[in-house]
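Keep in mind that the numbers below use all heavy atoms, side chains included, and drop hydrogens, waters and symmetry copies.
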Amino acid sequence: MNDLPYSLLADLESVKGNARPPVHLWQPESVKDIDLVIGRDGTWHYNGSPIKRPRLVRLFSSVMRKEDNDYFLVTPVEKCRIQVEDVPFQIVLMDVEGEGRQQVLTCTTDMAERVVIDDSHPLHVVVTGEEWVPYVLIRDDLVARMVRSVYYQLAELVVEENGQLGVWSTGSFFEMKDAAG
């Protein structure tokens, strides 16, 4: 992966030890497109080849920002537009604590970020044809899609409340209905 733009890699070296760099504060003048694509299945590709180094992918994800409908990897001196086929992250695990209204659902993404489904990290569903896909807001307008096994786990928790199907987490009820409709 040494053929990634050198300046992007060099800039990332300076922030790789940080928990999460302050990308919201960075407004670089240099903006360009790079051939980096996050596939619908969560695989990151550069120049058509999958990136096989998880640490590099996690580093890139830590400097990701969404602006309108575009995704960028941002450093203090450069902003690189990337392509995202669906959403940038996948929810690969879900922990369930408690029951009913006291239930707490904690999701873990493929980038090892953990969020509790709550009003700040809501669950919503998108229906495409016959496919129901749950998504959770992770951070800064960046969303994760639940992988099938987590979706099945979520489906087992669905209850009816006031004629609506949904799940409870942190005292809030998240309806299982199409977010678009």
Side-chain angles (χ1 to χ4, degrees), residues 1-21 23-24 26 28 30-75 78-95 105-117 121-155 178-180:
M1 214 38 57
N2 293 336
D3 57 341
L4 277 170
Y6 177 76
S7 59
L8 177 61
L9 283 175
D11 289 335
L12 288 174
E13 279 298 313
S14 68
V15 298
K16 75 177 182 181
N18 298 352
R20 188 171 310 132
V23 295
H24 63 287
W26 298 339
S30 174
V31 179
K32 63 182 179 180
D33 293 340
I34 60 172
D35 187 12
L36 195 146
V37 178
I38 303 173
R40 185 170 175 82
D41 67 353
T43 304
W44 291 53
H45 295 86
Y46 180 69
N47 283 338
S49 297
I51 300 175
K52 298 194 184 279
R53 294 177 50 202
R55 290 179 68 194
L56 184 59
V57 171
R58 283 195 179 116
L59 179 62
F60 286 155
S61 76
S62 73
V63 295
M64 186 183 305
R65 181 165 76 201
K66 184 176 180 188
E67 296 176 10
D68 298 319
N69 291 322
D70 291 324
Y71 293 87
F72 296 90
L73 301 182
V74 183
T75 71
E78 186 172 51
K79 184 164 80 169
C80 300
R81 184 184 341 267
I82 64 170
Q83 300 300 312
V84 178
E85 292 180 351
D86 184 20
V87 293
F89 308 127
Q90 304 283 307
I91 294 172
V92 295
L93 295 171
M94 184 174 68
D95 296 322
L105 306 177
T106 303
C107 299
T108 303
T109 72
D110 53 346
M111 298 299 131
E113 290 186 66
R114 290 177 52 88
V115 298
V116 173
I117 295 176
H121 303 97
L123 166 76
H124 71 276
V125 174
V126 174
V127 178
T128 306
E130 294 185 16
E131 183 181 28
W132 288 61
V133 182
Y135 295 87
V136 175
L137 176 64
I138 302 302
R139 61 174 157 86
D140 307 321
D141 207 21
L142 299 173
V143 176
R145 170 191 179 109
M146 286 188 177
V147 297
R148 189 170 305 275
S149 60
V150 177
Y151 170 70
Y152 289 150
Q153 182 184 6
L154 181 73
D178 190 357

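Under the rule for a salt bridge (Lys or Arg N to Asp or Glu O under 4.0 Å), Asp140 has no partner lying at least two apart in sequence or in another chain. Remark: Glu130 engages no residue in a salt bridge (Lys or Arg N to Asp or Glu O under 4.0 Å) (not counting sequence neighbours).
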- For Phe60 and Ile51, what are the C-alpha separation, side-chain angles and deciding distance, and is it a side chain to side chain contact (heavy atoms under 4.5 Å, CB included)? CA-CA 11 Å; Phe60 286 155; Ile51 300 175; 4.2 Å; yes

- Which is it for Cys107 and Ile117 under the side chain to side chain contact (heavy atoms under 4.5 Å, CB included) test, yes or no, and what are the steps along the way? CA-CA 7 Å; Cys107 299; Ile117 295 176; 3.7 Å; yes

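Using modelled atom types and a 3.5 Å distance limit, the side chains of Tyr135 and Asp86 yield a donor-acceptor pair.
Thr109 places a side-chain N or O within 3.5 Å of a backbone atom of Glu113 that can act as its donor or acceptor partner. Side-chain atoms of Thr75 come within 3.5 Å of backbone N or O of Glu78 as a donor-acceptor pair. Listed for the Arg65 side chain is a donor-acceptor partner under 3.5 Å among the backbone atoms of Trp26. The backbone N or O of Asp41 lies less than 3.5 Å from no partner atom in the side chain of Glu85, so there is not a single donor-acceptor pair.
Ile82 places a side-chain heavy atom less than 4.5 Å from the side chain of Met64. The closest side-chain heavy-atom distance from Met146 to Val136 is below 4.5 Å.
Between Arg114 and Asp95, at least one side-chain N (NZ, or NE/NH1/NH2) sits under 4.0 Å from a carboxylate O, which counts as a salt bridge.
To the nearest 0.5 Å, atom CG of residue Asp141 and atom NZ of residue Lys66 are 4.5 Å apart.
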